[in-house]
Amino acid sequence: MSQSHAIVVGGASGIGWASAQALAADGYTVVVADLNGDGAAARAAELGDGHSAAQVDVTDEASVATLFEGAGTVDAVVSCAGFSTIGLIVDTPVDQFRSVIDVCLNGAFIVAKYAGRHLSDNGALVSISSLNARQPALGMAAYCSAKAGLSMLTQVAALEFASRGIRVNAVAPGFVHTPLTEGAALVPGVVEEYIENTAIGRAGVPEDIAEAVLFLLKAPWLTGEVLDINGGAHMKRYPDIIGHLMKLGGT
Ligand code: NAP
């Protein structure tokens, strides 16, 4: 069987890095692409021979185009770049709102655009949406809005790319311990409240999500799906991060 090729965007850290490792273990050659070019290079070296790295900024179309042109035809794309800010709507500078939308929604669109052009027939794209696509969180207007948009973008792309057999899905993780959530995890009460509002009784680790990413990449009859993976938290409510921060005396 011929070798399968993958790009993991945002692959130098957290969920993206766990996904890159899962794909490599499954036999894919992986391009680890990230804003953090040095981090991507170190991760690709860790994966070993045949794997490579690229620096990319998903908010910059030319940068994403260069990434995909350099990689050639690929069989799988995992779109993980993202970040969040925290602050009530009335206190949030518009530029801060725009910066989150730019990475989490516009960036995901640009990656989907080039994935649609460069994926092989019957290839697959998986994006990382969020529990916050469906569950509102105080102080996270930009992130919730961007991820809700990404969940719908996933369905539109699934319809548009289907003529070439390309499947487009997303995972929607709950609270996962990664560098992105390190700050929130330090606020007393946040992780505890998340866990109280799960059915399974724990927060996630990146490997939980990577396993679902690999499943979605391979499931031949699955497209247009946004898979909640959160220990059951979508059945309850999101932690009040702002409330816990206020108890600390910050915002
Ligand atoms: P992470 O460890 O911070 O990894 C995100 C990676 O994306 C970082 O390497 C970051 O690089 C990179 N990145 C940021 N902006 C970029 C850009 N403009 N272009 C290219 N790469 C960029 O975070 P994570 O928790 O693994 O998050 C991965 C994805 O999962 C995100 O989309 C996040 O929204 C989503 N998600 C996370 C959770 C969670 O609880 N952790 C829950 C739901 C959804 P730098 O470090 O250089 O900024």
Side-chain angles (χ1 to χ4, degrees), residues 1-11 15-16 18-20 22-24 26-34 52 54 56-82 101-130 132-134 145-173 209-229:
M1 219 173 102
S2 65
Q3 181 84 54
S4 296
H5 303 291
I7 300 177
V8 180
V9 179
I15 292 168
S19 300
L23 266 70
D26 198 64
Y28 287 85
T29 59
V30 180
V31 180
V32 180
D34 205 284
S52 59
V56 70
D57 180 352
V58 297
T59 66
D60 175 358
E61 182 169 5
S63 167
V64 176
T66 301
L67 166 68
F68 277 86
E69 278 151 21
T73 301
V74 289
D75 307 289
V77 174
V78 184
S79 180
C80 297
I101 299 288
D102 209 20
V103 174
C104 293
L105 181 56
N106 299 342
F109 165 77
I110 295 170
V111 171
K113 173 174 173 175
Y114 286 87
R117 291 182 179 190
H118 289 268
L119 273 166
S120 56
D121 288 354
N122 305 315
L125 165 65
V126 173
S127 303
I128 315 299
S129 181
S130 169
N132 296 123
R134 65 144 78 195
S145 306
K147 294 297 187 178
L150 173 54
S151 290
M152 182 51 77
L153 173 69
T154 297
Q155 295 182 58
V156 176
L159 288 175
E160 291 191 9
F161 300 174
S163 59
R164 290 181 47 228
I166 294 170
R167 293 169 302 97
V168 184
N169 294 291
V171 288
I209 311 307
E211 196 174 322
V213 167
L214 198 58
F215 165 72
L216 289 175
L217 285 175
K218 292 177 153 238
W221 208 38
L222 225 174
T223 197
E225 180 63 25
V226 180
L227 181 68
D228 280 305
I229 173 157

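In this text, all values refer to a predicted model and were calculated from it rather than measured experimentally.
Taking CD of Glu160 as the reference point, atom NZ of Lys113 lies at 12.0 Å (rounded to 0.5 Å). The distance from atom CG of Leu217 to atom CG of Leu23, rounded to the nearest 0.5 Å, is 5.5 Å. Taking NE2 of His118 as the start and NE2 of His5 as the end, the distance is 14.5 Å to the nearest 0.5 Å.
In terms of heavy atoms, Ser130 sits closest to Lys147 at CB-CG, 3.7 Å. Closest of all the heavy-atom pairs between Ala71 and Val31 is CB-CG2, 4.4 Å. Minimum interatomic distance between Leu150 and Cys104 (heavy atoms only, all atoms of both residues): CD2-O, 4.1 Å. The two atoms that bring Leu119 and Ala76 nearest to each other are CD2-N, 3.6 Å, heavy atoms only. Nearest heavy-atom pair across Gly116 and Ile166 is O-CD1, 4.3 Å. The two residues Leu227 and Ala212 come nearest to each other via the heavy atoms CD2-CB, 4.1 Å.
With contacts defined as side-chain heavy-atom distances shorter than 4.5 Å, the pair Leu222/Leu216 qualifies. By the 4.5 Å heavy-atom criterion applied to side chains, Tyr28 and Ile7 are not counted as neighbours. By the 4.5 Å heavy-atom criterion applied to side chains, Asp228 and Arg134 are counted as neighbours. Residues Ile101 and Asn106 have side chains in contact (heavy-atom distance under 4.5 Å, counting atoms from C-beta outward). Looking only at side-chain heavy atoms (C-beta outward), Cys80 and Val9 stay at 4.5 Å or farther from each other. Between Ser4 and Thr29, the closest side-chain pair of non-hydrogen atoms is not below 4.5 Å. A 4.5 Å side-chain heavy-atom check between Ile128 and Val213 finds at least one atom pair inside the cut-off. Asp60 is not listed as a side-chain neighbour of Val64, based on a closest heavy-atom distance of 4.5 Å or more.
Looking at Asp102, its side chain never comes within 3.5 Å of a backbone N or O of Thr59 through a donor-acceptor pair. Between the side chain of Asn169 and the backbone N or O of Val126 there is no donor-acceptor pair closer than 3.5 Å. No donor-acceptor pair closer than 3.5 Å links the side chain of Asp75 to the backbone N or O of Gly123. No donor-acceptor pair under 3.5 Å is formed between the side chain of Arg167 and the backbone N or O of Phe161.
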**Request:** Determine, stepwise, if the pair Ile15 / Ile209 fulfils side-chain contact (heavy atoms from CB on, under 4.5 Å).
**Result:** CA-CA 7 Å; Ile15 292 168; Ile209 311 307; 3.7 Å; yes
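With hydrogens and angles left out, the side-chain atoms of Tyr114 and Glu61 include a donor and acceptor closer than 3.5 Å. Side-chain contact, Ser129 with Ser151: a donor N or O sits under 3.5 Å from an acceptor N or O. Side-chain atoms of Asp57 and Ser63 form no donor-acceptor pair, as typed in the model, at a separation below 3.5 Å.
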